[in-house]
2 protein chains.
Amino acid sequence: MQDSKKILSDNNVSITNPRILVLEALLDNKSPITVDELLTKLENQVAKSTLYRVLSDLKKINILQEFTNLENQSVVELLLDTDSHHHHLFCSDCGEIIDVEMANEFEEKLSKEIKRIEKKFNFIIEDHRLELFGKCTDLCENCS
Amino acid sequence: MQDSKKILSDNNVSITNPRILVLEALLDNKSPITVDELLTKLENQVAKSTLYRVLSDLKKINILQEFTNLENQSVVELLLDTDSHHHHLFCSDCGEIIDVEMANEFEEKLSKEIKRIEKKFNFIIEDHRLELFGKCTDLCENCS
DNA sequence: GTTATAAATGAGACTTATTCTCATTTATTG
DNA sequence: CAATAAATGAGAATAAGTCTCATTTATAAC
């Protein structure tokens with residue numbers, strides 16, 4: 001059973017062609033992608049309304065993360081439980097978004113600090129997101 | 001000279017009524033506010049197109065931060081250089097966004113980790129943002 | 001394999017947030 | 001105070017995302 005079908009059945013979501021196509025597009029380039037790019041990639045294969053519905057389905061079963069890039073466009077990224085915890089690095093020159101794993105030592109420090117914040121604000125903190133903004137200096141042509 | 005006028009002249013931005021009104025609205029509730037709420041607050045005082053233009057002016061002079069809340073609405077917050085560095089805590093029950101200062105010790109650790117990432121990815125990191133997601137347990141009526 | 005049923009889809013209308021246009025008003029400088 | 005450039009208001013235009021509803025498809029029962 002292929003990845004995309006397995007993902008769907010594992011999550012008790014019915015296996016349909018659009019869902020397979022969207023999942024495969026996401027598995028295909030396994031890094032953050034603009035909803036707009038996804039729409040183009042799946043043009044003539046999945047209707048716009050369906051794409052948005054499938055994305056919302058994937059969010060519901062907690063395997064899709066959504067955030068915004070520096071231009072405030074919606075960006076999605078598949079996040080399977082086999083994937084490791086990571087954060088994002090945004091280049092303001094070329095717009096690239098790069099997955100970054102922080103050192104364990106740092107994540108531990110962050111967890112401790114989060115516990116302190118939970119007590120201080122009487123909050124239950126379920127998730128966190130760290131975004132780093134800057135310029136890549138040699139990764140792409142745009143970034144001289 | 002009032003705050004808002006001083007802010008504008010300090011940044012070489014001409015002092016106009018709409019700019020004063022927007023700045024005062026932002027200074028007034030000095031915590032993140034939805035663009036939509038701001039629009040309502042300034043109804044009949046500042047045209048919609050002007051509000052967006054003024055917000056973009058304030059972003060250009062680097063005293064306005066923009067991000068999105070859990071409902072993907074645009075949220076803005078005035079960020080003067082007299083303000084201390086802070087992050088945000090989002091409540092998924094009531095939608096509140098709270099400013100949070102992390103411990104110095106933690107921010108130092110983060111700076112070090114950022115230096116490591118800069119080297120590893122050949123990046124110049126200029127800014128970072130940490131978002132904490134959870135539920136407040138007693139801050140508001142919605143959150144039982 | 002057929003059939004019944006509920007769920008998912010496609011197409012496009014609709015909504016909402018944001019940007020754009022352009023005629024008018026206002027701030028600034030000399 | 002006059003001249004000029006910049007800013008504004010009003011509403012049209014655009015774009016992202018949602019909704020509707022008739023049709024298609026997946027699933028479960030037989």
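Note that the coordinates shown come from a computational prediction; the quantities given were computed from them, not determined experimentally. In what follows, chains are A, B, ... by sequence order, proteins preceding strands, each numbered from 1.
Comparing Asn17(B) and Ser49(B) by the nucleotide of DNA chain C that holds the closest heavy atom to each, the one mapping nearer the 5' end is Ser49(B). Nearest-nucleotide assignment on DNA chain C puts the 5′-proximal partner with Ser74(B), out of Ser74(B) and Arg53(B).
Taking only side-chain atoms of Val54(A), from C-beta outward, the nucleotide of dT9(C), dG17(D), dT19(C) with the closest atom is dT9(C). Side-chain atoms of Val35(B) lie closest to dT18(C) of the nucleotides dG10(C), dT18(C), dT9(C). The side chain of Ser14(B) approaches dT28(C) more closely than any other nucleotide in the set dT28(C), dT9(C), dG9(D). If you check dT8(D), dT27(D), dT19(C) against the side chain of Ile15(A), the one that comes closest is dT27(D). Closest to the Asp36(A) side chain, of the nucleotides dA8(C), dA16(D), dG17(D), is dA16(D).
The aromatic rings of His128(B) and His85(B) sit perpendicular, their planes meeting at an angle over 60°, well past the 30° parallel limit.
Backbone-only engagement by Arg19(B) is indicated by non-hydrogen atom pairs under 4.0 Å involving sugar-phosphate atoms exclusively. Within the nucleic acid shown, Thr16(A) comes within 4.0 Å of sugar-phosphate atoms alone, with no base atom in reach, counting heavy atoms only.
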> Could you go step by step and tell me if Arg116(B) and Glu113(B) meet the salt bridge (Lys or Arg N to Asp or Glu O under 4.0 Å) rule?
Replying inline: CA-CA 5 Å; Arg116(B) 192 182 70 82; Glu113(B) 180 63 6; 2.7 Å; yes
Identify each donor-acceptor pair in which a side-chain atom of residues 49-62 of chain A lies under 3.5 Å from a protein atom, sequence neighbours left out, and give them as a table.
residue	atom	partner	partner atom	Å
Asp57(A)	OD2	Arg19(A)	NE	3.3
Asp57(A)	OD2	Arg19(A)	NH2	3.0
Lys59(A)	NZ	Glu66(A)	OE1	2.4

